[in-house]
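This report concerns only the one structure given below.
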Number of protein chains: 2
Amino acid sequence: MANPPADKVGAAPKAKSNTQQAVRTIKQMILENQLPAGSSHLESELAEKLRMSRTPVREATLILEAQGLLEVRPRHGVKIVPLSVDDMREIYQILTVLESLSARLAAKKRFPEEEFEAAEAAIRNMDIALETDNREAWAQADETFHRELLRLGGNKRIATICETYNDQARRARALTLYMRPSPTKSNDDHRRVLEAIRNGDFELAQEIHTLHRVQAMGLIIDLLEKYKLHAV
Amino acid sequence: MANPPADKVGAAPKAKSNTQQAVRTIKQMILENQLPAGSSHLESELAEKLRMSRTPVREATLILEAQGLLEVRPRHGVKIVPLSVDDMREIYQILTVLESLSARLAAKKRFPEEEFEAAEAAIRNMDIALETDNREAWAQADETFHRELLRLGGNKRIATICETYNDQARRARALTLYMRPSPTKSNDDHRRVLEAIRNGDFELAQEIHTLHRVQAMGLIIDLLEKYKLHAV
DNA sequence: GACATTTATTGCGTATACGTTAATTTATAC
DNA sequence: GTATAAATTAACGTATACGCAATAAATGTC
């Protein structure tokens, strides 16, 4: 069974059509703040930047609009949607409850130990990143852990939704990454969630993860308010 | 202040561009089973049916694909995605947890009594529909109640997600509407949820609604399995 | 100088044309 | 009769053209 060509973690692997490619690169440009929140861009500008005609970029913007990353405003260009503190609250509420449900669902199953390897590795990587105070590495491992949780939960739609809203929240997380205190407690939470899943303690798994996410939300929202980052 | 032309309840009111119109009518055709689950349709066929060129219908299919109602399969036409029992389980898990969160969020606020009017009316309408055994009317009022819950919760993104997945589940609900026993208990649940919201008892509101949804899910899934409706 | 009205510009919505490529059919070899 | 290969068909992906309508600019009026 030949696997499809392996790709970078987290990146959408397929990019056959120009439309798909446009979706990927525009999304990336948004997440990397090359297209800053609140800025507007004409279809023709984007087309020029991406070296293709208007048609595929136009199709891409429709898809990205459906994902909530931008807004198509006729005659004003596509606007990269800025996120207010309230928006962040909305997003984190959703992530909290869906990921926690995922933890519960995972705990209701029995997995062979190797299924936990990736999650364990993510936790270890977070430990290492903490010791060396490498926050980028920590954030990346953290994302991996959360993604693993969604995989173990087994509900594909939950995974899709969380991915979408994670994308939306990413800018704010990147912004606050260096403002927050060293995230030592997170690792503890993750370990306990994973342990609860192993033990089939679904109530506990859900509860711990909920608490974990609620705290993370509180932290990030406090930072955004404190530093007057009203829209990112 | 002249209102925009009033539209049917629940339908998206705006339809300026052909693309938007195509989204609406194709969605409607799917929900009404004019385009049955599992069937495929060429872009050009749809364009002809909708009396417009390929471009706007093509854009519409991209949007509808993002909403999970259909799948664009190059050279095979767009396929109306059929939902298996497992898909229904996925969807109901999401609706359960998000609506229940919405109930919790609503309970944490204080509303003037008139804010509950629509929800109260929906409950009353369900009572009336039960007495006259009018299931369509019941289903419609039920939807209204759930929509009100999302409105009261105040998280726009939750409302959007639930709307999307409600659309996906609608066919299955329509199918089982006349198979299930008379839904008398639902009204009781709804009343209690609303009461808990009034009282600010957020834990209770969330809990009751969760139970309510879990039971509804169990019922519908049993029916789908019993009648061997493996894909709708 | 402020405001209304006309004109000009431009960005988008839609149709259409066309090359590409996958699916299908036909032909050929075994 | 089956399997492989070649030829055909057709659906899609993309580019392009063009008119419309919304915005901006310019002009005129008070």
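Note on naming: letters A, B, ... go to the chains in the order of the sequence lines (proteins, then strands), and numbering restarts at 1 for each one.
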Residues B:Arg170 and B:Glu143 bridged, charged N to O under 4.0 Å: yes
Distance-only check: which donor-acceptor pairs under 3.5 Å involve side-chain atoms of residues 78-95 of chain A, not counting sequence neighbours?
unit_1  : atom_1 : unit_2   : atom_2 : d
A:Ser84 : OG     : A:Asp86  : N      : 3.3
A:Ser84 : OG     : A:Asp87  : N      : 3.1
A:Ser84 : OG     : A:Asp87  : OD2    : 3.1
A:Asp86 : OD1    : A:Arg89  : NH1    : 2.8
A:Asp87 : OD1    : B:Arg157 : NH1    : 3.0
A:Asp87 : OD2    : A:Ser84  : N      : 3.0
A:Glu90 : OE1    : B:Lys156 : N      : 3.3
A:Glu90 : OE1    : B:Arg157 : N      : 3.0
A:Glu90 : OE1    : B:Arg157 : NH1    : 3.2
A:Glu90 : OE2    : B:Lys156 : N      : 3.1
A:Gln93 : OE1    : B:Asn155 : ND2    : 2.9

Contact state string [nucleotides 12-20 of chain D, B base, S sugar-phosphate only, - no protein heavy atom under 4.0 Å]: BBBBB---B
So which protein N/O to nucleotides 6-8 of chain D N/O distances come out below 3.5 Å?
none

Ring pair (Phe, Tyr, Trp, His ring centres under 6.0 Å) partners of A:His41, counting only residues at least two apart: none
Listed once per pair and sorted, the salt bridge (charged side-chain N to carboxylate O under 4.0 Å, His left out) pairs that draw on residues 55-64 of chain B, sequence neighbours left out: A:Arg58-B:Glu59, A:Glu59-B:Arg58, B:Glu43-B:Arg58
Polar contact flag, side-chain donor to acceptor under 3.5 angstrom, A:Asn166-A:Arg173: yes
Sequence-distant partners of A:Tyr227, side-chain contact (heavy atoms from CB on, under 4.5 Å), two or more places apart: A:Met179, A:Leu223, A:Leu229
Verdict with reasoning, B:Ser186 to B:Trp138, per side chain to side chain contact (heavy atoms under 4.5 Å, CB included): CA-CA 10 Å; B:Ser186 276; B:Trp138 179 85; 3.9 Å; yes
